[in-house]
Amino acid sequence: MNRIWLLLWAAVIWQMAAWTFAPSPPSAPQIPAGDGQAFGSNEQYAVDARDSERQGALRALEAPTGSRCTDAGRKQFISGLNAYYYQRQNQTERYPEIHGKAGADYIAAQWSGPDDMRIDRLTQEAYSNGYLRLAEFEEVARKVVAAVVKDEHVIGKGCAG
């Protein structure tokens, strides 16, 4: 009987030591509480700016592919996409910081409309045809572009072909 108590006591001590010295599991990323609003008082200006960035990206993507191979055309192409994806990533990061979960949900909906899906599809197509490289984008914009093209394979030669 003493051996059973000794084994039970050892198991309890071992379990307490495991709870005490085991590393804690990583915590899930926390969204700041924010101000509880979905957006700020100047949101109409941000809505207009998002529309403008979408139009600029669509103009860049819908331009003739041959223009992407000239210096000026390439600059406009990359610039139009970079500005759009920069704003998208920046707002996706900032709205949750400022407004919390309400802001995160709101801005995710704002950047997932039909034009945004079309821009992503055309970006994937341009990437797979060899007309863009991730290194051509600024760091902030590159985060989103990398996510958009992550499942794409480059099958074209772009301007080299």
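No experiment lies behind these values; they were computed from the predicted model shown. As a basis for the values below, the full set of heavy atoms in this structure was taken, side chains included, without hydrogen atoms, waters or symmetry mates.
Considering only heavy atoms from C-beta on, D120 comes within 4.5 Å of R88 through its side chain. R142 places none of its side-chain heavy atoms less than 4.5 Å from the side chain of N82. L132 has its side chain within reach of F77: a pair of non-hydrogen atoms, C-beta onward, lies under 4.5 Å apart. By the 4.5 Å heavy-atom criterion applied to side chains, V148 and I119 are not counted as neighbours. Side-chain contact between R121 and M117 is absent, with no heavy atoms from C-beta onward closer than 4.5 Å.
Few gaps surround CG on D48; more than 12 heavy atoms of other groups in view lie less than 6.0 Å from it.
A donor atom on one side chain and an acceptor atom on the other are not found under 3.5 Å apart for Q110 and Y95.
Both L61 and V154 belong to a common hydrophobic cluster when Ile, Leu, Val, Met, Phe, Trp and Tyr are linked at side-chain heavy-atom distances under 4.5 angstrom. Residues L81 and V140 fall into different hydrophobic clusters, defined by Ile, Leu, Val, Met, Phe, Trp and Tyr side chains chained together at heavy-atom separations under 4.5 Å.
Ring orientation note: the planes of Y85 and F137 are nearly perpendicular, at an angle over 60° on the 30°/60° scale.
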>> Could you go through L134 and V149, starting from their C-alpha distance and side-chain angles, then the distance that decides it, and tell me whether this counts as side chain to side chain contact (heavy atoms under 4.5 Å, CB included)?
In response: CA-CA 9 Å; L134 291 176; V149 301; 4.1 Å; yes
> Going through the distances and angles, do Y106 and E43 end up as a side-chain hydrogen bond (donor to acceptor under 3.5 Å, both in side chains)?
Replying inline: CA-CA 11 Å; Y106 170 78; E43 183 60 19; 2.8 Å; yes
>> If you apply the rule salt bridge (Lys or Arg N to Asp or Glu O under 4.0 Å), what do you find for E53 with R50, and how did you get there?
In response: CA-CA 5 Å; E53 295 299 341; R50 281 192 288 275; over 6 Å; no
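Side chain of S67 to main chain of A63: no donor-acceptor pair is present (N/O by atom type, distance under 3.5 Å, no hydrogens or angles).
Checked against salt bridge (Lys or Arg N to Asp or Glu O under 4.0 Å), E62 has the following partners two or more places apart in sequence or in another chain: R118. Listed by chain and residue number, K101 satisfy the side-chain contact (heavy atoms from CB on, under 4.5 Å) test with D105 (two or more places apart in sequence, or in another chain). Residues that satisfy the salt bridge (Lys or Arg N to Asp or Glu O under 4.0 Å) test with E136, not counting sequence neighbours, are R74, R133.
If you look at Y84 and W111, their ring centroids are closer than 6.0 Å.
The CD atom of Q87 sits 11.0 Å away from atom CZ of R94, with the distance rounded to the nearest 0.5 Å. Here the straight-line distance linking atom NZ of K150 with atom OH of Y127 works out to 13.0 Å at 0.5 Å rounding. In this structure, the separation between CD on E138 and CD on Q89 is 12.5 Å, given to the nearest 0.5 Å. In this structure, CG in L122 is found 7.0 Å from CG in L58, a value given to the nearest 0.5 Å. Atom CG of D71 sits about 12.0 Å away from atom CD of Q76, to the nearest 0.5 Å. Interatomic distance, I107 CD1 to I98 CD1, rounded to the nearest 0.5 Å: 10.0 Å.
For the pair R68 and Y131, the cation-pi criterion (under 6.0 Å, within 45° of the ring axis) is fulfilled.
A pairwise comparison of heavy atoms in G80 and A60 identifies CA-CB, 4.2 Å as the closest pair.
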